[in-house]
Q: 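Let me begin by handing over the structure; questions about it come next.
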Amino acid sequence: FLPFCAIQALRLGAMPGASDAVDGTPSVFVYFGSQTGKAEAFAEELGEEASKHGIQATVVDLDEFSPSTFASHRAVVLLVSNTGDGEPTDNSRQFHRWMMDPKTPSDALAGMPFAVFGLGDKTYLHFNRMGQQIDDGLERLGGRRVYPRGVGDDSVDIVADFEAWKSAGFWTALGKELGAGISTASQDRNDSIAAEPGIFLAAPGVQLPEELHSGRAADTLGRFYFQASRVRVARKEELRQRPCIAEGSSTVQVEVDVSGSPELAAYAAAGTLEVLPENCEADVVQILLLLGLEGSDLDRQVGSKPLSEGAAEDAKRPFPMPCSLRDALARYCDLRSAPSRRMLAGLGPSLSDNAARGRVDRLLADPVALKIVQDETVGFTQFEFWSALLGDAGVRLDAAAFLLHCPRQRPRPYTIASSPRVVPDRIHICASLLAVPSQQAVLDQALRELETRGVLPTGCPVPARGKRFGLCSQWLCERVQAGDTVLACVRSSSFRLVEEDVPLVLVGAGAGVAPFRAFWSELALRRRTSPVALIFGCRREDEDWIYRSEMLQAAGLEGAEAAQGESIDRSRPLANLYTAFSRPAATELGVEGKYVQDVLREQATEIRAQLAGNAVLYICGASRMGEGVLTALGEVLEGGKAAVQEMRDTGRIIMELWGEAPPASGHLGALLATSAASGAGGEAAAAAPAAKLR
């Protein structure tokens, strides 16, 4: 087994040759194809667990794929995601082309043992396509499947799916194939060994020279930092009639100038723009306290140092350097997340206090405690966790080690609300402020349980939480201003306007109407005969009806008509406009609230007629809304659920959905029940699903 230092060395470009073995231990190479970091995290988890099963594991980015090296492996495990339209992730395209190439010999992988776990989201049409294609492709090239393909669904609980796949016999099957057994020596090895930090914090006033070699990204999320474009915010506009940020009521349109970026200027209407959020100043200042630094230190430079002489040109770096400590903490570190196992293993040995190091070691050895720390309902931030663990001992975290091992900030995807045919040099996105439950009681319960398990000191301080908001949505709604520079990248999307002249039904609630704004903008430039209907929902007509004037103009309606959803000119971008207000104004006595799915039922005859033939239905909004629309559609269409499924299978239902905040209880309760049943040594997952919050 490669200890953490070797896994980290691979990320930083200092690993030995791909086929090297250590001490003759049975070996497996774990490859990942990842876009947002989930597949990479799962691959690292397998790499860390392998030693307990007497197996040496090497974790490899598919971006490093080489046909000859891959074919030389004793055995391989692949963890692969795909994009929303079913295409391979950026780092797995080369591997996918090789595997699908008819010229690749059919015996290229003759007899090679393999296993595959695919990651996806069932709300998309091409769910888990890459997992299935790669599982079939490896077998077609002569590989031998030693364990059934795993399927992870991010629309429910992808971590639970991964744990279930492993626990059903993965290690037993792989160990039997490799002739491995439980290795006592491996189990006794300290997982907390850390690599020498590959970065450093320069002295105050020292200006580091620009590096001759930009290097490469050390991980999947780091790749975004190196490849994304820096673009200027041209304009920002509040879209709600009565916004109140303090109460979590704000929806903004942010326009970025892409005239200087050919990659971004080639965007498609209703495509996907990924933007990198920035941590708020309060979060950065809190971390400075833990690092023993002051506000003036934010201007100090952060630089990189290769792990070996002569390695600078090809060195892998966690983020672009040199940069200021301010940028490193605000842009590249995920300060709102709990520490990962990888961070704990890397940062623990640098702690100067023996008691604190011991608590980290106990946490790493206690799967239940680790899952409590990382549970999304608890929602530990970096400051909350480390301030509780360090207590009042005056211990400070090493700044370079923290920057190296802190989880990376991930870009957030937003559906584009503009068309390049209308605004060729601008991309518009729409963001609603997301309120997150404080979970104060859940946090208190978690802290007490971690104290009981010896992970936190007795009587550790309990952080006081106020109202919380999603990091990126708060950044966009509250802090971003015209003239600011942001990191952004355009991604492919299955949510695109069809070229055929067929009837369209568009269903969106709240900010879910954003892609339909791009649609009706582009439809105004097309010559069409088929009608387009929009069903839009929000809370109140006079409060959060975003894009109201543009919507009415596209339909040629006045407000009173729109509220009743009257049918009008079929040649306009919107031939029909139906609205659903879930919280009508108090003055509207006798008016009951309704949702977009209620409109589907009310307008069943009209909707059924429009969806006949080759019509396409688009749905955009929260997952719960999407489920409600599909249920109502099953009641409206002749053929019921079977007709809905047929539309999905043939690509005539296209959805872009996102998850809601996690419930106030549930996950932690189950964990504590597991804790009570199994004790400190109980087997449990060492990671928790990431909250799908923007």
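Atom set for the values below is all heavy atoms of this structure, side chains included, hydrogens, waters and symmetry mates excluded. Every value quoted in this text rests on a predicted model; they were computed, and no experiment measured them.
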Q: Find out whether Leu119 and Asp154 are in side-chain contact, i.e. whether some heavy atom of one side chain is under 4.5 Å from a heavy atom of the other.
A: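 The answer is no, as the side chains (C-beta and beyond) never meet within the 4.5 Å cut-off.
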Q: Decide side chain to side chain contact (heavy atoms under 4.5 Å, CB included) for Val368 and Arg453; before the verdict, give the C-alpha distance in whole Å, the side-chain angles of both, and the deciding distance to 0.1 Å.
A: CA-CA 10 Å; Val368 173; Arg453 305 180 80 84; 3.6 Å; yes
Q: So, does Asp283 use its side chain to make a donor-acceptor pair with the main chain of Arg336 at under 3.5 Å?
A: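 No: the side chain of Asp283 does not pair with the backbone of Arg336.
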Q: Distance alone, cut at 3.5 Å: any donor-acceptor contact between the side chains of Ser438 and Arg468?
A: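 The answer is no; no qualifying pair exists.
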Q: Could you tell me whether a side-chain N or O of Tyr147 sits under 3.5 Å from a main-chain N or O of Gly169, the two making a donor and an acceptor?
A: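 Here the side-chain-to-backbone pair exists.
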Q: Please test Tyr225 against Phe319 for ring-ring contact (aromatic ring centres under 6.0 Å, His included), starting from the C-alpha separation and ending with a verdict.
A: CA-CA 6 Å; Tyr225 310 149; Phe319 46 82; 7.2 Å; no
Q: Any donor-acceptor pair under 3.5 Å linking the side chain of Gln374 with the backbone of Ala338?
A: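 No, the answer is negative, given that no donor and acceptor are paired below the 3.5 Å cut-off.
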Q: Shortest non-hydrogen contact from Gly47 to Ala57?
A: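 Heavy atoms only, the tightest pair is CA-CB, 3.8 Å.
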Q: Taking all atoms of both residues into account, what is the closest heavy-atom pair of Gln382 and Leu290, and its distance?
A: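 Where Gln382 meets Leu290 most closely, the heavy atoms are O-CD1, 4.4 Å.
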Q: For Ala39 and Ser81, work out which heavy atoms get closest and say how close.
A: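 Closest heavy-atom pair between Ala39 and Ser81: CB-OG, 3.8 Å.
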Q: I'd like to know if the side chain of Gln440 reaches the main chain of Arg465, judged simply by a donor and an acceptor atom lying under 3.5 Å from each other, with no hydrogens or angles considered.
A: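 The answer is yes, because a donor-acceptor pair under 3.5 Å joins these two groups.
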Q: Go through the steps to decide whether Glu281 and Arg479 satisfy the test salt bridge (charged side-chain N to carboxylate O under 4.0 Å, His left out), and finish with yes or no.
A: CA-CA 10 Å; Glu281 183 178 358; Arg479 301 198 304 278; over 6 Å; no
Q: Kindly say whether Asp61 contributes a backbone atom to a donor-acceptor pair with the side chain of Asn91 at under 3.5 angstrom?
A: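 Pair absent, no side-chain N/O of Asn91 close to backbone of Asp61.
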Q: For Gln301 and Met321: C-alpha separation, side-chain torsions, deciding distance, then whether side chain to side chain contact (heavy atoms under 4.5 Å, CB included) applies.
A: CA-CA 9 Å; Gln301 295 275 287; Met321 290 178 273; over 6 Å; no
Q: Looking at CH2 of Trp386 and CG of Leu291, how far apart are the two atoms once the value is rounded to the nearest 0.5 Å?
A: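 So the gap between those two atoms works out to 11.0 Å.
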Q: Could you tell me the separation between the CZ atom of Phe469 and the CD atom of Glu478, rounded to the nearest 0.5 Å?
A: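 If we round to the nearest 0.5 Å, Phe469:CZ and Glu478:CD are 7.5 Å apart.
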Q: So which heavy atom on Pro339 is nearest to which on Met343, and how close?
A: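 Residues Pro339 and Met343, closest heavy atoms: CB-SD, 3.7 Å.
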Q: Hey, could you give me each pair passing salt bridge (Lys or Arg N to Asp or Glu O under 4.0 Å) that has a residue in residues 435-445? Not counting sequence neighbours.
A: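 Every candidate salt bridge (Lys or Arg N to Asp or Glu O under 4.0 Å) pair involving residues 435-445 fails, so no pair, neighbours aside, qualifies.
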Q: Just verifying a value: how many Å separate Gln286 CD and Glu384 CD, rounded to the nearest 0.5 Å?
A: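 Reported value, rounded in 0.5 Å steps: 8.0 Å.
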Q: Judged by atom type as modelled, is there a donor-acceptor pair below 3.5 Å linking the side chain of Ser324 to the main-chain atoms of Asp327?
A: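 Yes.
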Q: Could you walk me through whether Glu48 and Arg341 satisfy the salt bridge (charged side-chain N to carboxylate O under 4.0 Å, His left out) test, starting with their C-alpha distance in whole Å, then the side-chain angles of each, then the deciding distance to 0.1 Å, before giving a yes or no?
A: CA-CA 9 Å; Glu48 293 167 5; Arg341 181 183 182 89; 3.1 Å; yes
Q: Checking the side chain of Arg412 only, and the main-chain atoms of Val275 only, is there a donor and an acceptor separated by less than 3.5 Å?
A: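 No, because the side chain of Arg412 does not come within donor-acceptor range (under 3.5 Å) of the backbone of Val275.
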Q: How many angstroms lie between atom CG of Leu62 and atom CG of Asp90, to the nearest 0.5 angstrom?
A: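 Reported value, rounded in 0.5 Å steps: 12.0 Å.
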Q: Between the side chain of Arg359 and the main-chain N/O of Leu389, is any donor-acceptor distance below 3.5 Å?
A: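 Side chain of Arg359 to backbone of Leu389, a donor-acceptor pair under 3.5 Å: yes, one is there.
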Q: Between Ser72 and Thr69, is any side-chain donor less than 3.5 angstrom from a side-chain acceptor?
A: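 Not at all, the side chains of Ser72 and Thr69 share no donor-acceptor pair under 3.5 Å.
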Q: What's the separation between atom CG in Asp334 and atom CG in Leu471, rounded to the nearest 0.5 Å?
A: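 Going from CG on Asp334 over to CG on Leu471, the span is 7.0 Å.
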Q: Go through it in stages, so that I can follow the logic: the residues are Asp375 and Phe380, the test is side chain to side chain contact (heavy atoms under 4.5 Å, CB included), and I'd like the CA-CA distance, side-chain angles, deciding distance and then a yes or no.
A: CA-CA 8 Å; Asp375 189 88; Phe380 270 116; over 6 Å; no
Q: Under the side-chain hydrogen bond (donor to acceptor under 3.5 Å, both in side chains) rule, what do Arg317 and Ser304 come out as? Steps first, then yes or no, please.
A: CA-CA 7 Å; Arg317 297 175 172 84; Ser304 65; 2.8 Å; yes
Q: Which pairs pass ring pair (Phe, Tyr, Trp, His ring centres under 6.0 Å) with one or both residues in residues 337-364, sequence neighbours excluded?
A: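 Of all non-adjacent pairs touching residues 337-364, none passes ring pair (Phe, Tyr, Trp, His ring centres under 6.0 Å).
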Q: Can you tell me if Arg362 uses its side chain to pair, donor with acceptor, with the backbone of Gly454 under 3.5 Å?
A: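 Yes, Arg362 side chain to Gly454 backbone: donor-acceptor pair under 3.5 Å.
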Q: Take Phe42 and Phe32 through the test ring-ring contact (aromatic ring centres under 6.0 Å, His included) and record every step on the way to the result.
A: CA-CA 8 Å; Phe42 287 168; Phe32 64 86; over 10 Å; no
Q: Apply salt bridge (charged side-chain N to carboxylate O under 4.0 Å, His left out) to the pair Arg326 and Asp299, showing each step before the final yes or no.
A: CA-CA 6 Å; Arg326 174 181 287 102; Asp299 293 325; 2.7 Å; yes
Q: Check the pair His73 / Tyr31 against ring-ring contact (aromatic ring centres under 6.0 Å, His included), numbers first and verdict last.
A: CA-CA 11 Å; His73 295 327; Tyr31 282 83; 5.6 Å; yes
Q: Please give me the minimum heavy-atom distance between Val395 and Ser352, naming the atom from each residue.
A: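 Shortest heavy-atom contact: CG1-OG, 3.9 Å.
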Q: State plainly whether the residues Arg410 and Glu274 are in salt-bridge range, i.e. N to O under 4.0 Å.
A: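 Judged by the 4.0 Å cut-off on N to carboxylate O distance, Arg410 and Glu274 do not form a salt bridge.
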Q: Taking Tyr332's backbone N and O only, do any of them form a donor-acceptor pair with Arg408's side chain (distance below 3.5 Å, no angle check)?
A: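 Present.
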Q: Quick one: CG on Leu347 to CG on Leu403, what's the gap to the nearest 0.5 Å?
A: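 Answer for the CG-CG pair, Leu347 versus Leu403, is 10.0 Å.
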Q: Passes side chain to side chain contact (heavy atoms under 4.5 Å, CB included), Phe117 versus Val151? Steps please.
A: CA-CA 6 Å; Phe117 183 84; Val151 176; 6.0 Å; no
